[in-house]
Amino acid sequence: MKLVLTIVQDSDAGELQKTLIGHGFGVTKLASTGGFLRRGNTTFLIGVKDAEVEAVKEIVTEKCCERAELLAPGASLADLEGVYSGQVTEVIVGGATIFVMNIEEFAKV
C-alpha cells in the first residue's frame, strides 16, 4: 500500500478532488499555505494499492497544470522578506508536488 501526498494550488483542488473520487479513490483534503507567494494550497492524502499509484499521478498531472500569472506591483515576495515587486512580474504557479510513501499498516476504525 502507498500514501500519495499531493500538494496543489487551491484553484485546482476542487476539480482534482472530484475527479479522484469519480475514479474511486478516497481522499483526505487538508488546507495548507505555500511558501513563495503565501497563497492557499490544498494537500491531499490518498491511500492506494501499489498498482494504482500511476493512475493517481496521471489524474494529478492532468488536472494541475503550471501556468503563468502576473504579480501586481507592490506585492510582497515572501522568499525575499521585506522586498516588494516594483513592477508587474510574471511568476509560474500551479502544478503539483507529489510524494509517494510506503505504508506498513492501514486501519480504519
Side-chain angles (χ1 to χ4, degrees):
M1 178 153 231
K2 303 285 188 197
L3 174 64
V4 182
L5 187 146
T6 304
I7 304 165
V8 303
Q9 253 197 331
D10 279 348
S11 58
D12 295 327
E15 188 63 29
L16 176 60
Q17 182 177 19
K18 188 169 94 174
T19 303
L20 287 167
I21 291 170
H23 281 84
F25 298 112
V27 301
T28 298
K29 179 179 168 184
L30 306 171
S32 52
T33 304
F36 180 59
L37 296 175
R38 292 193 179 145
R39 290 190 182 164
N41 287 335
T42 300
T43 300
F44 288 101
L45 305 176
I46 311 158
V48 297
K49 296 175 184 169
D50 291 8
E52 298 173 322
V53 170
E54 288 306 314
V56 169
K57 288 169 54 178
E58 286 176 17
I59 291 169
V60 173
T61 300
E62 176 187 319
K63 298 296 177 184
C64 303
C65 300
E66 286 187 342
R67 55 200 166 271
E69 196 172 283
L70 297 177
L71 187 63
S76 174
L77 300 175
D79 279 354
L80 306 170
E81 199 63 47
V83 175
Y84 294 87
S85 172
Q87 59 188 12
V88 174
T89 305
E90 185 176 283
V91 294
I92 302 300
V93 297
T97 302
I98 302 170
F99 299 93
V100 179
M101 297 167 268
N102 291 320
I103 300 301
E104 290 184 31
E105 184 178 345
F106 169 77
K108 203 171 192 179
V109 296

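Residue numbers run from 1 in the order of the sequence given.
L3 and I98 fall into different hydrophobic clusters, defined by Ile, Leu, Val, Met, Phe, Trp and Tyr side-chain heavy atoms under 4.5 Å apart, directly or through other members. Residues F44 and F106 do not share a hydrophobic cluster, clusters being chains of Ile/Leu/Val/Met/Phe/Trp/Tyr side chains in contact below 4.5 Å. Under the 4.5 Å side-chain heavy-atom criterion for Ile, Leu, Val, Met, Phe, Trp and Tyr, V100 and I7 are members of distinct hydrophobic clusters. Residues V53 and F99 do not share a hydrophobic cluster, defined by chaining ILVMFWY side chains whose heavy atoms lie under 4.5 Å apart.
T97 contributes atom OG1, which lies 8.0 Å from atom CG of N41 (distance to the nearest 0.5 angstrom). Note that the CG atom of D10 and the OG1 atom of T42 stand 4.0 Å from one another [nearest 0.5 Å]. Distance check: I21 CD1 to H23 NE2 gives 12.5 Å after rounding to the nearest 0.5 Å. Within the model, atoms CD of E58 and CD of E62 stand 9.0 Å from one another, a figure rounded to the nearest 0.5 Å. The line from CD1 of I46 to NZ of K29 is 12.5 Å long, rounded to the nearest 0.5 Å.
In this structure the side chain of D12 never reaches within 4.5 angstrom of the side chain of K63, judged on heavy atoms. Counting heavy atoms from C-beta outward, M1 and V48 have side chains that stay 4.5 Å or more apart. Using a 4.5 Å cut-off on side-chain heavy atoms (C-beta onward), N102 and K2 make contact. Two residues are said to be in side-chain contact when any heavy atoms from C-beta on lie closer than 4.5 Å; F25 and I59 meet this criterion.
In terms of heavy-atom proximity, A96 sits nearest to V60 at CB-CG1, 3.5 Å. What you find for T43 and S32 is that their closest heavy atoms are OG1-OG, 3.0 Å.
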